Amino acid sequence: MNNPPDRTGNPAPRSLALRSAVIAALGGLLFGFDTAVISGTTDALQQVFSLSAASLGFTVATALIGTIVGAAATGIWKPADLFGRKKVLYAIGILYLVSALGCAFAPDWVSFMVLRFVGGIGVGAAAAVAPMYNAEVSPPKNRGRMVGLFQFNIVLGILLAYLSNYVLLELAPEATAWRWMFGVQALPSLAFVLLLALVPESPRWLLKVGRTTEADRVIAALTSDPNEAQLARNEIAEALETDGGKPRAKFFSRPHRKIILLAFAIAAFNQLSGINAVLYYAPSIFKSAGMGKARHSSAAAASA
């Protein structure tokens, strides 16, 4: 049975394709949550671990360093090609879970930084693998929107982190509120790991490693009818044949120069805008501006 068209006139994605994309995009929600959650804990971290301003800054940046390592490792060693997209998503969820619980119970500063670094590796890997998975399980006509779910969930995760921090500042004991802020991330992390059992492996990866029968079954489940399934299979097969037959092109070459420069410029302007400073220190910024001096201030709420 064909799916009814959506408001754009395109066929709506099959429920399995939509469910798979939404679940994989939860990696983006955890990305955003992990990024912003530390904003509500900076004062407590400085007091508990007796940190200088420089040490606090390095502590906050630890997850960013892990993000660079995670993204680079995913691109260089290609674990998603070796083990499959779904297994790597499982590993990412476990990294998030370990980081959340570990930071919540960290006995000292070094342990805390190591566990934030572990979470950062998950963030970097998720940024590469989750959108890839979403693209490979999405029907072509819905691919842009379904891949965009990841980016939407990053922003949603940031918002939820700020709201969670505010609620915990109001409800949790002052001495342990910061630990609860990190620990609460274990809930969506665990949900992500469990929900991955409901999604299939990427059909592109299955065809790439020769598991054609399983790939055909997944493609049939992701598409609306046999004709669409055949078109999807042909598209994947042609792409794999083209990729396999092409010599590896040089990345830094004259034909690619304009695109590479644009990509670097967009990334650079994004960082030079100062958004990371706002994400990591929003409550402190509002306090410095005079918004609430007490513990139960409106600074955390204003951040959200």
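All values reported here derive from a predicted model rather than from experimental measurement.
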- Message: Would a single hydrophobic cluster contain both Leu279 and Leu272, if residues Ile, Leu, Val, Met, Phe, Trp and Tyr are joined by side-chain heavy-atom contacts under 4.5 Å?
- Response: no
- Result of checking Thr74, Leu30, Val129 against Ile92 for side chain to side chain contact (heavy atoms under 4.5 Å, CB included): Val129
- What heavy-atom pair brings Pro139 and Ala17 nearest, and what distance separates the two atoms? CD-CB, 4.1 Å
- Kindly give the cluster partners of Phe83, where membership spreads through any ILVMFWY side chain lying under 4.5 Å from a current member. Leu82
- Here the gap from Leu156 atom CG to Leu26 atom CG, rounded to the nearest 0.5 Å, amounts to 9.5 Å
- Message: Salt bridge check, Glu235 against Arg143: does any charged N sit closer than 4.0 Å to a carboxylate O?
- Response: yes
- Closest non-hydrogen contact found for Phe117 with Val69 is CZ-CG2, 3.9 Å
- Task: Find out whether Tyr96 and Pro188 are in side-chain contact, i.e. whether some heavy atom of one side chain is under 4.5 Å from a heavy atom of the other.
- Result: no
- Sequence neighbours excluded, every pair satisfying salt bridge (Lys or Arg N to Asp or Glu O under 4.0 Å) that has a member inside residues 43-54: Asp43-Lys287
- Query: Hydrophobic cluster mates of Ile259, side-chain heavy atoms under 4.5 angstrom, ILVMFWY only, any path?
  - Reply: none
- Beyond-backbone contact of Phe33 with Val184, side-chain heavy atoms, under 4.5 angstrom: yes
- Item | Residues that Trp205 engages under ring pair (Phe, Tyr, Trp, His ring centres under 6.0 Å), provided they are two or more places apart | none
- Note on the structure: Taking every heavy atom of Ala36 against every heavy atom of Ala161, the minimum-distance pair comes out as CB-CB, 3.8 Å
- Flag the pair Lys86 / Pro200 as yes when at least one side-chain heavy-atom distance between them is below 4.5 Å, and no otherwise. no
- Task: Using the salt bridge (Lys or Arg N to Asp or Glu O under 4.0 Å) rule, collect all pairs that involve residues 177-186, keeping only residues at least two apart or in two chains.
- Result: none
- Task: Over all heavy atoms of both residues, which pair between Ala21 and Val137 is shortest? Give the atoms and the distance, please.
- Result: N-CG2, 4.5 Å
- Query: Does one hydrophobic cluster hold both Leu231 and Ile236, with members joined at side-chain heavy-atom distances below 4.5 Å?
  - Reply: no
- Query: Ser99 side chain to Leu115 main-chain N or O, any donor-acceptor pair under 3.5 Å?
  - Reply: yes
- Gap between atom CD of Glu214 and atom CG of Leu206 - 0.5 Å precision: 4.5 Å
- Item | Residues in side chain to side chain contact (heavy atoms under 4.5 Å, CB included) contact with Gln47, at least two apart in sequence or another chain | none
- Query: Going by side-chain heavy atoms closer than 4.5 Å, which hydrophobic residues are tied to Val114, directly or by a chain of links?
  - Reply: Val110
- Task: Let me see the working for Glu201 and Val218 under side chain to side chain contact (heavy atoms under 4.5 Å, CB included), right down to the final yes or no.
- Result: CA-CA 8 Å; Glu201 180 54 87; Val218 172; 5.8 Å; no
- Message: For residues Phe152 and Val155: do they belong to one hydrophobic cluster (side chain heavy atoms under 4.5 Å, members Ile, Leu, Val, Met, Phe, Trp, Tyr)?
- Response: no
- In the hydrophobic cluster built from side-chain contacts under 4.5 Å, what are the other members alongside Trp77? Ile76
- Task: Walk me through it: do Trp178 and Thr42 pass the test side chain to side chain contact (heavy atoms under 4.5 Å, CB included)?
- Result: CA-CA 9 Å; Trp178 69 275; Thr42 51; over 6 Å; no
- Can you hop from Ile285 to Val37 via hydrophobic side chains spaced under 4.5 Å? yes
- Message: Let me confirm one number: the CD-OG1 distance from Gln46 to Thr59, rounded to the nearest 0.5 Å.
- Response: 9.5 Å
- Closest non-hydrogen atoms of Ala229 and Ile219, given as atom of the first, atom of the second and distance, are O-CG2, 3.5 Å
- Query: Are Arg233 and Thr223 side-chain neighbours, meaning at least one heavy-atom pair lies under 4.5 Å?
  - Reply: no
- Query: About how many Å separate CG of Leu207 and CG of Asp216, when rounded to the nearest 0.5 Å?
  - Reply: 6.5 Å
- Task: Could I get the full list of ring pair (Phe, Tyr, Trp, His ring centres under 6.0 Å) partners for Phe182, not counting sequence neighbours?
- Result: Phe112
- Query: Between Tyr281 and Gly57, which heavy-atom pair has the shortest distance, and what is it?
  - Reply: OH-CA, 3.7 Å
- Message: So, taking the atom named CG in Leu190 and the one named CG in Leu195, what distance separates them when rounded to the nearest 0.5 Å?
- Response: 9.0 Å
- Message: Under a 3.5 Å distance rule, please check whether Tyr162 uses its side chain to pair with a backbone N or O of Gly40 as donor and acceptor.
- Response: no
- Query: In Å, rounded to the nearest 0.5 Å, how long is the span from CG of Asn142 to CG of Leu18?
  - Reply: 9.0 Å
- Could you pull out all residues at least two apart from Leu196 that satisfy side chain to side chain contact (heavy atoms under 4.5 Å, CB included)? Ile23, Leu89, Tyr90, Phe192, Val199
- Student check: side-chain heavy atoms of Leu149 and Asn153 closer than 4.5 Å: no
- Item | Qualifying salt bridge (Lys or Arg N to Asp or Glu O under 4.0 Å) pairs with a residue from residues 96-105, counting only residues at least two apart or across chains | none
- Message: Evaluate Val22 against Arg19 for side chain to side chain contact (heavy atoms under 4.5 Å, CB included), listing each step before the verdict.
- Response: CA-CA 5 Å; Val22 169; Arg19 182 177 73 212; 5.8 Å; no
- Transitively linked via ILVMFWY side-chain contacts under 4.5 Å: Leu29 with Leu168? yes
- Query: Between the side chains of Glu238 and Asn234, is a donor N or O closer than 3.5 angstrom to an acceptor N or O?
  - Reply: no
- Note on the structure: Residue pairs meeting salt bridge (Lys or Arg N to Asp or Glu O under 4.0 Å), one or both in residues 94-117, sequence neighbours left out, come to Asp34-Arg116
- Run the side chain to side chain contact (heavy atoms under 4.5 Å, CB included) check on Ser55 and Phe49 step by step: do they pass? CA-CA 10 Å; Ser55 297; Phe49 297 131; over 6 Å; no
- Item | Within-4.5 Å side-chain heavy-atom neighbours: Glu170 and Tyr166 | yes
